Amino acid sequence: MSSLEARRTDRTDLSLPTADDWEYGGYPYGLEPLTLPLASSSSPAAHRPAVGSPPPWPGTWRGPSSEFPANAAVDLTDPLGVDRLFWFRWITGHQVTFVLWQLLASTLAESTATPSGEPRAAERARRYVRGYSLMLLYTSSCPRSVYDRLIRPHLALQHRHLSGAWARDFHPVRSLLRGRLPAGLDDAALREECLLNQHIHEGIAAKLVPSGVSLLQQTAQHKEHRFLHRDRLSSLYDCVFLTVRAPASYEQVVTQLVRRLHAIGQDLGANGLYPAYAPSGHEEPDELRTPDVARCKKTLLPDLSRICDSATAAAS
């Protein structure tokens, strides 16, 4: 049985955003823990609700939009205001990425089970890959000085060689993201989306770490180093991003995604991708200045809304 199998569970602790007020995290740019099942590379397609099950989504919930409450504007008199914004983006953007990887793995599993393909599967997969690209841009929107002073040191305190390669949810979708598409998802637009994702990933690395030396690549500098079991490293990585592994239904996973995308929409509406008080667009390398990447930035909010549409439709 898949850990993402659609079981009717009590969702009273999870609510979809229904108003323009800031709800997420209890206050603007607060954080919330994310609960996800363990990733699986062979999840059956049965993890979505059965046809005919009652739709769990109320008609009044709000997806991401450019509307924002007044208190979403960062208080520049608060010494931690700017840091809190970019830490929110770093943590919440990564949490969204984990969810998108799981949804992408679900779509991949369905296509494997049905090699002839499902008409909307390739489109869902393309949207999820686009969402991952958008989260790369969102999490890396901080100035390099903030990354060097706030984010990288915090990661190194968790583990001095912390690496994104330890992310649990990446492995089931790694081949797809590298352009190796199964027969059921062999789609030209999806292939192009994967190439764009690789391009953006390379550009983000060049922006934030222009030296090209990641924390993992600093291993040779520390001679006294014992390698931990892979599962322990993955647990450390989860802890950085406030992610707990426990059974969760498809509906619960998608609800958590919608809550985060709504908060991200409020942030972008209030502050923009590159806030005027902490700009970093000028630090971007050529890879992030191409027309394709510029279009991603321009359609960021509509694309996030379409991702909500795809995920919630799949859960209904």
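No experiment lies behind these values; they were computed from the predicted model shown.
Taking 4.5 Å as the limit, every side-chain heavy atom of L242 sits out of range of all side-chain heavy atoms of L34. Taking 4.5 Å as the limit, some side-chain heavy atom of R149 sits within range of a side-chain heavy atom of D83. Side-chain contact between V99 and V254 is absent, with no heavy atoms from C-beta onward closer than 4.5 Å. Counting heavy atoms from C-beta on, the side chains of L36 and D238 never come closer than 4.5 Å. The shortest side-chain heavy-atom distance between P172 and L108 does not fall under the 4.5 Å cut-off.
Linking ILVMFWY side-chain heavy atoms closer than 4.5 Å, directly or via other members, places Y250 and V244 in two distinct hydrophobic clusters. No continuous path of hydrophobic side-chain contacts links L195 to V129 [ILVMFWY only; heavy atoms under 4.5 Å].
Using cut-offs of 30° and 60° for the angle between ring planes, the F98 and F241 rings count as perpendicular.
The two residues A270 and A73 come nearest to each other via the heavy atoms CB-N, 4.1 Å. The minimum heavy-atom distance between L134 and C296, with the atom names listed, is CD2-O, 3.6 Å. Here the closest heavy-atom approach between residue I200 and residue S133 is recorded as CD1-CB, 3.8 Å. Nearest heavy-atom pair across G30 and F88 is O-CD1, 3.4 Å. For the pair P37 and D169, the tightest heavy-atom approach, listed with the atom from each and the gap, is O-OD1, 4.5 Å. Residues E284 and R289 share a closest heavy-atom pair of O-NE, 2.9 Å.
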- Determine, stepwise, if the pair T243 / Y237 fulfils side-chain contact (heavy atoms from CB on, under 4.5 Å). CA-CA 9 Å; T243 300; Y237 195 81; over 6 Å; no
- Task: Output, in order, the C-alpha distance, side-chain angles, deciding distance and verdict of salt bridge (charged side-chain N to carboxylate O under 4.0 Å, His left out) for R306 and D303.
- Result: CA-CA 5 Å; R306 282 189 282 269; D303 281 342; 2.6 Å; yes
- Item | side-chain contact (heavy atoms from CB on, under 4.5 Å) evaluation trace for N271 with Y277 | CA-CA 9 Å; N271 303 291; Y277 50 80; 2.9 Å; yes
- Passes side chain to side chain donor-acceptor pair (under 3.5 Å), S140 versus R89? Steps please. CA-CA 8 Å; S140 68; R89 290 186 176 190; over 6 Å; no
- Given side-chain contact (heavy atoms from CB on, under 4.5 Å), test L155 with W90 step by step and report yes or no. CA-CA 11 Å; L155 301 179; W90 186 259; 3.9 Å; yes
- Chi angles and distances behind the side-chain contact (heavy atoms from CB on, under 4.5 Å) call for Q252, T35: CA-CA 9 Å; Q252 289 173 315; T35 301; over 6 Å; no
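A donor-acceptor pair under 3.5 Å is formed between the side chain of T107 and the backbone N or O of L103. For R260 (side chain) and E32 (main-chain N/O), a donor-acceptor pair under 3.5 Å exists by modelled atom type. Judged by distance alone, the side chain of S234 and the main-chain N or O of A167 form no donor-acceptor pair under 3.5 Å. The closest donor-acceptor contact from the side chain of K297 to the backbone of L288 lies under 3.5 Å. Put simply, the side chain of S280 gets close to the backbone of S141: a donor and an acceptor are under 3.5 Å apart.
Salt bridge status for E193 with R126: present, with a side-chain N to carboxylate O gap under 4.0 Å. Between E283 and K207, no side-chain nitrogen of the basic residue sits less than 4.0 Å from a carboxylate oxygen of the acidic one, so the salt-bridge criterion is not met. R127 has no carboxylate O lying under 4.0 Å from a charged side-chain N of D309, or vice versa, which leaves the two without a salt bridge.
Scanning for side chain to side chain donor-acceptor pair (under 3.5 Å) contacts around Y128 gives an empty result, with sequence neighbours left out.
Note that CZ of R168 is 11.0 Å distant from CD of Q102, once rounded to the nearest 0.5 Å. L177 contributes atom CG, which lies 9.5 Å from atom NE2 of H201 (distance to the nearest 0.5 angstrom). In this structure, CD on Q256 lies 12.0 Å from CG on L261, to the nearest 0.5 angstrom. With rounding to the nearest 0.5 angstrom, the NE2 atom of H94 is 6.5 Å from the OG1 atom of T97. Expressed to the nearest 0.5 Å, how far CZ of R191 lies from CG of D186 amounts to 5.0 Å. Here the straight-line distance linking atom CG of N197 with atom CZ of R178 works out to 11.0 Å at 0.5 Å rounding.
Of the listed residues (F68, Y29, Y27), just one forms a ring-ring contact (aromatic ring centres under 6.0 Å, His included) with W22, and that residue is Y29.
Side-chain polar atoms of D267 and Y24 form no donor-acceptor pair below 3.5 angstrom.
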